[in-house]
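Take a look at the structure below.
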Amino acid sequence: MDDRDKLIEQLKTELEDSRRQVVKLKGQERALSCTRRALKAVRECQAVLFSSRDETTLLEQTCRVVVERAGYRLAWVGYAQDDKGRTVRPEAQFGYEDGYLASIRISWCDDPFGRGPTGTAIRTGKPTICRDILTDPQYEPWRKEAAMRGFASSIALPLTRDKTAYGALNIYATEPDAFDEDETNLLMHMSDLLSFGINEFRMHNDMVRINEQNTNNAKLLDLIFKHTIDSIVLLDKDFNFIRVSDTYARACQREISEFIGRNHFEMYPSSLKDEAEDVKAGKYVYNRSERPFVFPDHPEWGTTYWDLGLVPILDERNEVKYFLFTLRDVTLQRRYKDELMALNAGLQRRVDEEVEKNRRKDQIMYEQSRHVAMGELLFNIAHQWRQPLCSIGLMVQDIEDAYRFNELDAAYLEISSKTIMKELLYLSNTIENFKVFYAGSSDKISFNLSVTADRALSVMMDYFKSRKVTVDVDIDRMINIDGNVNEFSQVILNLLTNIRDVFEKRQVANGVVKIVSYRESDTGKVVLTITDNGGGMRDDITGRVFDPYFTTKDKARGTGLGLYISKVIIENNMRGTITAANTIDGCQLRIEL
Amino acid sequence: MSNEHILNETVLKGLSVLYVEDDDLLRANLGKYLKRRFGEVFLASNGREGLNIYNERRPDFVITDINMPVMNGNEMIKGILDIDDAQPIIITTAFNDDEHTSSRCVNLIKPIDTNKLLEAIFYCMGTKL
């Protein structure tokens, strides 16, 4: 080997070295230029971040910067959708797109359409690179459309919040393997900036929305406190006023501002405090209707009445934090109620008075009827006694007369004496019969109906005989009745007296009185009917015969009490019924006991 | 009870009387008293009977009760006065009221005092003669 050859070899080697050096330098320069571009893009992205006023502008401007400043062919931002296909929807783009985004389908689920850079970046939250679109097997779904538009490599940078990816910034380069580590880091920094910006916008929006909501809620609360009809008071746990409704302030005749911060029970000391402390200790809901309250600052209002509700509101540690105090002024209702009750009490008193008056009136009428009955008795006694007295008188005078005419002997005297004694006995019996009407106790006893009716009839019998009235009696002798025998006798006598009077008034010849009594087998009731043939009641008075002071007799004879008292005795005292009805030629009184 | 009466009573023997009374005992008793004194005594137990007897016998005196069945004393008196409006009539009644007395007649209230009755009879004789 000669020197020349050696030199040549050396030169060749050096040349080769230089060439390698140049290639290396060129590569470094290219990388440097790329990095510079990327750095420039990052800087501008920062400017965009500060200048953008909304999310869409931020996205669009960022894409523009990526393409214009960093020299990429296309940049777009897609957000992961929560739809059925979990698609990624483009939100903004810049650069040479030519319908690319519309022509492709990208998802973020783990399927062929989701295993490209975008889907993978969203799923994993890490930057994902496709070094060569023409050869990368994962890029199959989009290869044709991408190649057609000159995309050779691409990177997808996740957009994250709280470590969760919700979208991706996608960048396409015209040469393969365009994204080395440095550039990827820079681009990642850029996408972080973008994420930060997006998140800031969203947080800001959220805050605006929350503020708006709070404002609205506060407004609604204001409306409630302003317009509620019931009074609403919010107290803290120590019963200091936090808030009161307009109605409450109005009811207390104060300004709302006078309450806030002050203690309820210092302003209005009352026994309610003890109950409120109880509510606080027991943490229960307190409810009262028509609770009386006197305003200490307005004693002239008198006692007011309130429907109250005191609700303790607990915090998360189950301690009382607030009290919600609701009140409704029911003073007027209470006063109306009191007035109504007073009115009712007055009415009741008047009713009682009237009842008492009626009772006394009844008592008086009863007394009157007793007097009338006694008068009737006297009348009947007088009638019954006159003829026997007259006979006795004549017989006494006859003894003297017979002596004068020499007719008097032992036999004559004996007959006279016997006859006189018979008459005297009759007088005596009459007294016995009449006694039942004015003597005897007023107690209720069991008495025999037949005996009682006979005795009452005997009082009238003399009259009926003298008028040739037929008296037909058919009374079951076994019937006994519980009651006051005096009163019952008076009823029978009243009815018989009415018959006597009607016979007299209408000059009834062949008068017939039928007295029938029996026990009804199906009801067990005792029925007593007294029927006459005196012509009956006039149609226009049948409804009134039992009314007090109603009479058809002339004033000297009738008081209009007989049937009324009979009704009182039978219906009130003996719990029976008495009715009057006309028969063909007379009237029938029917008593059921 | 003076002798004067007994003497005067003898004038009644020439006279007749109608006594109308529904009470049997009374009628029998007073009837006995009248029969001892009057020449003729007619007894009737109601107004209808009394009027019939009056029509037939025209007695000098009529003594009558008022309350009687069939025909009462008032109706009978009216019938008698229709026949002879000067007929002396004595009413014996238990009731001292307008219904049972008559201003036209002499009214005696029961119980009957026979002396009073006799006085009434003499009084009527005086008016008649």
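Numbered from 1 within each chain, the chains take letters A, B, ... in sequence-line order.
Contacts of B:Asn72 with chain A are absent, with no heavy-atom separation under 4.5 Å from either backbone or side chain. With a threshold of 4.5 angstrom between heavy atoms, B:Arg27 does not approach chain A through any atom at all.
Taking a 6.0 Å sphere around CG of A:Asn510, one finds it holds 12 or fewer heavy atoms contributed by other residues, nucleotides or ligands. Residue A:Asp539 qualifies as open at atom CG: its count of foreign heavy atoms under 6.0 Å is 12 or below. Residue A:Lys514 qualifies as open at atom NZ: its count of foreign heavy atoms under 6.0 Å is 12 or below. Heavy-atom neighbours of A:Tyr403 OH from other residues, nucleotides or ligands within 6.0 Å: at or below the threshold of 12.
The residues B:Asp22 and A:Lys465 are annotated as not salt-bridged, no charged nitrogen and carboxylate oxygen being separated by less than 4.0 angstrom. Salt bridge present: A:Glu407 and B:Arg36 bring a charged side-chain N and a carboxylate O closer than 4.0 Å.
For the atom pair CG of B:Asp24 and OG of A:Ser391, the computed distance is 9.5 Å after rounding to the nearest 0.5 Å. Note that the CD1 atom of B:Ile112 and the CG atom of A:Leu394 stand 5.0 Å from one another [nearest 0.5 Å].
In this structure B:Tyr19 satisfies the ring pair (Phe, Tyr, Trp, His ring centres under 6.0 Å) test with no other residue, sequence neighbours excluded.
Scanning both residues, B:Pro111 and A:Cys390, for their nearest heavy atoms gives CB-CA, 3.6 Å.
Counting heavy-atom pairs closer than 4.5 Å to chain A, the top-ranked of the candidates B:Leu30, B:Asp65, B:Leu117, B:Thr114 is B:Thr114. Taking B:Leu25, B:Thr92, B:Val70 one by one and counting their heavy-atom pairs under 4.5 Å with chain A, the maximum is reached by B:Leu25.
Residues A:Gln397 and B:Asp113 form a side-chain contact, since some pair of their non-hydrogen atoms from C-beta on lies under 4.5 Å apart.
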